[in-house]
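Just so we're on the same page: letters track the sequence lines, and every chain starts at 1. No hydrogens, no waters, no symmetry mates; every other heavy atom, side chains included, goes into these values.
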Amino acid sequence: MKLTAAVRGRHYQFRDLKEVMAKANEEKSGDRLAGLSAEDAAERVAAKMVLAELRLSDIRESSLLPAETDEVSRIIESDLDEEMYARIKNWTVAELREQLLQMEGGGGSNSLIRVGQGLTSEMIAACAKLMSNLDLIQAASRMEVVTTCNYSMGQRGVIAGRAQPNHPADHLHGIRASLYEALAYGIGDAVIGINPVIDTADSVYNILSMTKDVMTRWEVPTQNCVLAHITTQLRAIRMGAPADMVFQSLAGTELGNKAFGITAALLDEADEVIRQEGTSTGPNRWYFETGQGSELSSEAHHGIDQLTLEARCYGLARHYKPFMVNTVVGFIGPEYLYDSKQVIRAGLEDHFMGKLHGLPMGVDVCYTNHMKVDQNDMDNLAVLLAAAGVNFLIGVPMADDCMLNYQSTSYHDIATLRETLGLRPAPAFERWLEGMELMKNGRLTARAGDPKIFV
Amino acid sequence: MNDISSEVETWNELKSTTGARIDVGRAGTRPLTSNMLRLRLDHAAAIDAVYSEVPRELIEEMGLLSVNTLASDKVQYLKRPDLGRRFTTTSADAIQASCLHAPQVQIVVSDGLSAAAIEANLKEVYSSLLDSLNSLGLEAGTPIYVERGRVGSMDHIGDILQPEVLVLLIGERPGLLSASSMSAYMCYKPCIGKLDSDRNVISNIHESGTPPAEAGARIASMLKAMLDQRRSGTELVF
């Protein structure tokens with residue numbers, strides 16, 4: 001494995017694959033905080049040049065985090081499609097990038113995902129490090145990932161929205177009012193998903209029951225979920241709460257997951273419970289969230305850069321065949337992603353990497369108020385992701401989440417992306433909107449946007 | 001007609017239970033101008049809270065010893081939380097030289113992520129805290145102001161001054177609902193190496209959360225509990 005490069009008369013020698021991977025990243029404040037980033041722009045390119053020439057087999061053989069000591073590594077390793085890997089293992093990372101970019105059309109969407117099955121998360125991360133933003137958009141746009149919980153989403157030309165009607169005190173009327181607003185704008189086809197303040201089984205039970213009531217009463221073709229800790233959700237489900245999916249945040253290392261209070265064994269248990277006792281038809285019954293930087297924030301990063309760790313989250317996620325995976329790209333703060341340039345880059349990277357893992361990727365296009373980002377930047381990233389074929393975005397009233405205290409995309413924004421780019425809601429949901437006379441020929445009607453119609 | 005008006009009344013009841021920005025209307029698929037500008041204004045207040053400074057006059061008037069962390073400006077402070085947890089040598093020396101050692105209660109103030117929170121709440125919280133400490137018979141040491149501090153800076157002060165308990169009044173990450181919310185982090189015998197789980201916090205101190213005038217009493221009684229039980233964090237019974 002060659003770890004040296006001569007660039008403009010300067011000789012670069014890298015210690016190991018971990019260092020090459022970290023220094024090949026585009027600038028991120030989190031890699032700098034971890035002390036892993038390139039010293040300057042030239043060293044960054046030198047690392048990219050070294051990485052470009054490595055073979056996929058080099059990456060597999062020099063494990064960044066041994067499977068003996070980390071269960072996420074074990075899952076990634078054991079889920080690898082060995083037959084596909086054997087066909088491509090002699091490709092360099094440069095060749096992988098070029099192969100992906102020249103696959104196109106018709107069955108092309110499947111061929112990229114087929115290649116992805118023979119790639120470890122580290123290989124997928126390596127490829128993303130060599131890709132420009134437009135590379136990431138184009139390659140992702142050719143990967144169609146359709147999943148089904150109660151209803152299907154992810155079809156080409158579809159952009160769905162999560163209705164996120166959070167309330168700072170979990171007030172059921174308040175959540176319902178905000179949910180009506182979402183439905184009136186045609187949002188909620190991905191999921192009706194609430195982040196609770198009160199992490200108790202009773203509270204989760206009540207929210208799940210209320211959202212299910214609304215779905216039943218108005219025959220809304222979607223799925224519900226409450227994003228409490230997984231053990232709380234399981235207690236609520238065992239009490240008989242109507243949950244279509246289970247939710248969990250993931251980290252890319254076993255230690256990081258421990259900080260979230262989870263293990264693979266717990267995920268296996270939840271998988272069994274939702275299969276047996278959940279209210280959805282399936283087969284996809286998981287909602288996962290991720291986001292660059294979480295492993296560093298829990299000091300569980302093992303000296304690995306945040307992009308590679310994010311890819312490993314997807315390696316873990318794909319084991320459970322989720323209905324939806326959401327990278328909450330700008331929530332973690334400026335010490336990991338400082339400004340709009342870094343958030344936009346990370347959003348495109350995460351979406352591409354998730355799709356190449358075969359995952360139904362959505363993005364929470366978002367920021368906190370101490371980041372160098374504003375709503376205009378979110379407008380930009382949302383358009384880029386819509387062009388890249390993102391499965392869903394997050395819908396929050398006027399982009400302001402009054403419980404989580406951050407800004408995301410609004411019900412208006414998702415409706416606007418649909419109209420501007422000719423995208424549609426999930427098919428069953430669009431038929432429902434037409435029946436409700438809220439949408440006609442893919443456009444909102446005059447009646448749309450008025451939550452009072454549901455009262 | 002009766003049906004319609006009763007529906008509207010029900011909707012108004014529903015709507016009144018949330019502060020979410022709903023029933024806002026639209027221009028095509030975009031928000032109305034007034035709602036869009038309101039959002040921008042609230043965001044502007046949050047940004048200003050992060051980047052502004054606590055006025056020097058306030059620090060002097062309150063008689064706080066002003067010290068600096070290793071974060072040399074706001075940008076560095078935001079990117080490197082680790083630097084906001086430790087003091088420059090000059091500041092560490094100043095704390096050592098000018099402050100009462102081993103006080104029963106050490107009060108520390110920091111701008112954190114919202115200087116506006118300190119400006120809005122400090123005077124009231126501080127005076128109600130002193131009153132409450134006084135009536136509980138507790139003695140406070142020399143109060144300190146930490147510029148660009150993180151919660152972990154209390155541990156470094158703990159190493160230098162060895163207080164029995166310490167309270168850090170610090171500006172919270174601003175939200176759109178309130179850009180001037182303050183938190184009080186407390187720890188029994190703070191020192192470098194303490195974890196989040198060793199501390200207790202009273203958050204959301206602002207006019208529409210925990211009112212500043214009440215916060216002082218709540219902080220003092222929590223400090224008293226720490227002194228009585230000789231512990232803090234998840235172990236504290238409160």
S.K.: State whether a side-chain donor-acceptor pair under 3.5 Å links A/K28 with A/Q292.
M.R.: yes
S.K.: For the candidates A/S29, A/A169, A/S178, which exhibits the highest count of non-hydrogen atom pairs separated by less than 4.5 Å from chain B?
M.R.: A/S178
S.K.: Between A/Q407 and A/N369, is there a side-chain donor-acceptor contact under 3.5 Å, judged purely by atom types and distance?
M.R.: yes
S.K.: Considering heavy atoms only, which positions within residues 64-90 of chain B lie below 4.5 Å of chain A?
M.R.: B/V75, B/L78, B/K79, B/R80, B/P81, B/D82
S.K.: Can you find a heavy atom in the side chain of B/W11 that is under 4.5 Å from one in the side chain of A/Y180?
M.R.: yes
S.K.: So with a 6.0 Å cut-off around NE2 of A/H173, is the heavy-atom count from everything else above 12?
M.R.: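 It does not: A/H173 NE2 has 12 such atoms or fewer within range.
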S.K.: Within the side chain of B/R199, is there an N or O that forms a donor-acceptor pair under 3.5 Å with the backbone of B/G152?
M.R.: no
S.K.: Under a 4.5 Å heavy-atom cutoff, which of B/G25, B/S114, B/A49 has the most pairs with chain A?
M.R.: B/G25
S.K.: Less than 4.5 Å to any heavy atom of chain B: does that hold for the side chain of A/A184, its backbone, both, or neither?
M.R.: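 Neither part.
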S.K.: With respect to chain B, which residue among A/L444, A/T420, A/D413 yields the maximal number of heavy-atom pairs within a distance under 4.5 Å?
M.R.: A/D413
S.K.: Could you tell me whether the side chain of A/E335 and the main chain of A/G30 form a donor-acceptor pair under 3.5 Å?
M.R.: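 No; zero donor-acceptor contacts below 3.5 Å.
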S.K.: Between A/D374 and chain B, with a heavy-atom cut-off of 4.5 Å, which part of the residue counts as in contact: side chain, backbone, both or neither?
M.R.: both
S.K.: Going by side-chain contact (heavy atoms from CB on, under 4.5 Å), name the residues that satisfy it together with A/D339, two or more places apart in sequence or in a different chain.
M.R.: A/K341, A/Q342, A/K372
S.K.: Please flag which part of A/F454 lies under 4.5 Å from any non-hydrogen atom of chain B: side chain, backbone, both or neither.
M.R.: neither
S.K.: Please identify, among A/C402, A/P334, A/G333, the residue contributing the most non-hydrogen atom pairs under 4.5 Å to chain B.
M.R.: A/P334
S.K.: Using heavy-atom distances under 4.5 Å, tell me whether A/H167 contacts chain B through its side chain, its backbone, both, or neither.
M.R.: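 Contact with chain B involves the side chain of A/H167 alone.
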S.K.: Whether the side chain of B/Q162 engages the backbone of B/D159 through a donor-acceptor N/O pair (distance < 3.5 Å, no angle test) should be reported.
M.R.: yes
S.K.: Roughly how far, to the nearest 0.5 Å, is the CD1 atom of A/I414 from the CZ atom of A/R418?
M.R.: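 Interatomic distance, A/R418 CZ to A/I414 CD1, rounded to 0.5 Å: 6.5 Å.
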S.K.: Taking C-beta and beyond as the side chain, do A/P165 and A/E181 meet within less than 4.5 Å on heavy atoms?
M.R.: no
S.K.: Checking A/Y185 against chain B: side chain, backbone, both or neither under 4.5 Å from a heavy atom?
M.R.: side chain
S.K.: Nearest 0.5 Å please: distance from the OG atom of A/S340 over to the CE atom of A/M378.
M.R.: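 It comes to 7.0 Å.
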S.K.: Verify, without hydrogens or angle tests, whether A/D213 (side chain) and A/M210 (backbone) share a donor-acceptor contact under 3.5 angstrom.
M.R.: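 Absent.
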S.K.: Any carboxylate oxygen within less than 4.0 angstrom of a Lys/Arg side-chain nitrogen, looking at A/K452 and B/D23?
M.R.: yes
S.K.: Can you check salt bridge (Lys or Arg N to Asp or Glu O under 4.0 Å) on A/E27 and A/R345, steps first, answer last?
M.R.: CA-CA 9 Å; A/E27 170 86 27; A/R345 173 72 194 177; over 6 Å; no
S.K.: Which residues in residues 170-194 of chain B have a heavy atom less than 4.5 Å from any heavy atom of chain A?
M.R.: B/R173, B/P174, B/G175, B/L176
S.K.: Ignoring hydrogens and angles, tell me if any N or O in the side chain of A/R424 forms a donor-acceptor pair with the backbone of A/I159 under 3.5 Å.
M.R.: no
S.K.: Look at A/H171, A/R176, A/H370 and state which one has the largest set of heavy-atom pairs under 4.5 Å with chain B.
M.R.: A/H370
S.K.: Is there a donor in the side chain of A/Y406 and an acceptor in the side chain of A/D364, or the other way round, less than 3.5 Å apart?
M.R.: yes
S.K.: Only heavy atoms, only distances under 4.5 angstrom. Which residues in residues 28-46 of chain B are near chain A?
M.R.: B/T29, B/R30, B/P31, B/N35, B/M36, B/L39, B/R40, B/H43, B/A46
S.K.: More than 12 heavy atoms of other residues, nucleotides or ligands under 6.0 Å from CD of A/E299: is that the case?
M.R.: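 Atom CD in A/E299 is not packed in, count stays at 12 or less.
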S.K.: Between A/T445 (side chain) and A/K440 (backbone), is there a donor-acceptor pair under 3.5 Å?
M.R.: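 No; judged by distance alone, with no hydrogens or angles, the pair does not exist.
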